[in-house]
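See structure below.
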Amino acid sequence: MEELKNRSKFSGKIGFVLAAAGSAVGLGNLWRFPYLAAKYGGGIFLLVYIVLAITFGFALMIAEIALGRKTGLSVSAAYKKLNRKWAFLGYISAAVPIIILPYYSVIGGWVTKYIDTYVSGQSAAAADANYFSNFISQTWQPIIWFGIFVLATALVVFFGVEKGIERVSKVMMPILVVLSIGIAIFVITRPGSSAGLKYYFVPDFSQLSSKTVLAAIGQLFYSMSLAMGIMITYGSYMKKDVDLEKSVHQIEIFDTGFALIAGLMIVPGVAVFSGSVENLNASGPGLMFQVLPQVFHNMPGGHIIGGLFFILVLFAALTSSISLMETVVSIFQDRTKLKRKTLVVLVAVGTFLVGLLSSLGFGVLSFIQPLGEGTSLLDFFDFISNSVIMPIVALLTCIFVGYVIKTKTISEEVRLSSRFREEKLFVVMIKYIAPIGLVLILVSSVLNGLGIVKI
Ligand code: PHE
């Protein structure tokens, strides 16, 4: 385990924010946020998400980054250093990236496939309603693209060329944002978009349920790379004089802003091309891949824009999958004597084998519907990590910070670089509101799952 002095530090003030944003911004914003917003009632999901982001997300991100910067260590060692008894929290957090990486790579494979589709001039075919379902229900096609994505991620981690990828994505990311804004403007100026816009922005409180809140919390963790130790590791590389609180705000604004734009391309897009918002509640993981090809098909030059778009999305996905794979490799590096390169190969093979379940879950294994009618194995893995383990990790982190090491430990760390402007909010969230809220949400989702109550 490297100590603080051996850790290379991010250069400059903006270096940390960019690196953390590279991990945060990915398929969570583009693929996951829009389909959840569609599924959980549009405006109400948006409202719950934003409120949670500026309160709970803020507090947890401050805590994680400060823990990392204070100890100079990555997740399990950081907890162990502060309190031996809490080393177990590091082990639970470790389960999260291990579960996410395989299915994240399956979706990354879908993105790679769509690059091929556009580059080979099949944009009209992709706009067909059945193109996506025909693709994912096959056996070999999705596996091959998924394998390519895992290989690409593994090669970067194996040869240690993350820096190169980061440099490229620093250019690609702003282009992706600008392009997404352009696509969103195109969509919302189409006839028929108003029903979609209304659905997306106007909260319908009758759709508010514990499921909506749980989905929003899970999405918050996922999208901001929280509750799995990643931000602790990033924090350990952060210089002491960088304004921690301001950095957290910048990451949050960037991540949430981009998710909102992605939703704006996709949710009203459904209203424009299907003529109604009625089926939005039935949206699933395929939404982005079904809607965007229709948008591109109706856009002048759409076949080129579509190709460019998916190439940029691939980069956003790769920076995230690389940070996931890095984390998984370092988890095993801390616990075994194996060499880093051997571990990269083993992790890549393991990721591929486990991911096969998610990939085949839309085809030959589609009879396995663990979460009920119409759900897939991918939904299952996604649910276990984001709606079960991450809320538990977050709850334990709040207890640890609020009552074991005490919030002042974090406040002192934040104050090394600036005044702690929202300290009160931070303390109240970590000690009271977040833990109570998380317990309520977890209990109600268990009761809901057992069919005991419907909340
Ligand atoms: N936050 C990333 C995204 O939105 C996903 C991710 C989660 C990346 C955890 C790294 C760690 O796509």
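Computed over heavy atoms, backbone and side chain alike; hydrogens, waters and symmetry mates excluded. Numbering of ligands and ligand atoms starts at 1, following listing order.
In summary, the aromatic rings of Y79 and W86 are positioned with their centroids too far apart to meet the 6.0 Å limit.
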Salt bridge (Lys or Arg N to Asp or Glu O under 4.0 Å) assessment of E64 paired with R69
CA-CA 9 Å; E64 289 200 10; R69 192 170 78 171; over 6 Å; no

Tell me, with the steps shown, if W110 and Y114 meet ring pair (Phe, Tyr, Trp, His ring centres under 6.0 Å).
CA-CA 6 Å; W110 296 355; Y114 271 65; 8.7 Å; no

Show the distances, to 0.1 Å, for all pairs joining an N/O atom of ligand 1 and a protein N/O atom that are shorter than 3.5 Å, listing one pair per line.
{"from": "ligand 1", "atom 1": "1 (N)", "to": "S23", "atom 2": "O", "distance (Å)": "3.3"}
{"from": "ligand 1", "atom 1": "1 (N)", "to": "A24", "atom 2": "O", "distance (Å)": "2.9"}
{"from": "ligand 1", "atom 1": "1 (N)", "to": "Y222", "atom 2": "O", "distance (Å)": "2.8"}
{"from": "ligand 1", "atom 1": "1 (N)", "to": "S223", "atom 2": "O", "distance (Å)": "3.1"}
{"from": "ligand 1", "atom 1": "1 (N)", "to": "S225", "atom 2": "OG", "distance (Å)": "3.1"}
{"from": "ligand 1", "atom 1": "4 (O)", "to": "A24", "atom 2": "O", "distance (Å)": "2.8"}
{"from": "ligand 1", "atom 1": "4 (O)", "to": "G28", "atom 2": "N", "distance (Å)": "3.2"}
{"from": "ligand 1", "atom 1": "4 (O)", "to": "N29", "atom 2": "OD1", "distance (Å)": "3.3"}
{"from": "ligand 1", "atom 1": "12 (O)", "to": "L27", "atom 2": "N", "distance (Å)": "3.0"}
{"from": "ligand 1", "atom 1": "12 (O)", "to": "G28", "atom 2": "N", "distance (Å)": "2.8"}
{"from": "ligand 1", "atom 1": "12 (O)", "to": "Y104", "atom 2": "OH", "distance (Å)": "2.7"}

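The local environment of CZ in F88 is crowded, with over 12 non-hydrogen atoms from other residues, nucleotides or ligands closer than 6.0 Å.
Because its NZ or CZ atom is not both nearer than 6.0 Å to the ring centre of F45 and within 45° of the ring axis, K39 does not count as a cation-pi partner of that residue. Cation-pi geometry between K341 and F158 is satisfied (NZ or CZ under 6.0 Å from the ring centre, within 45° of the ring normal).
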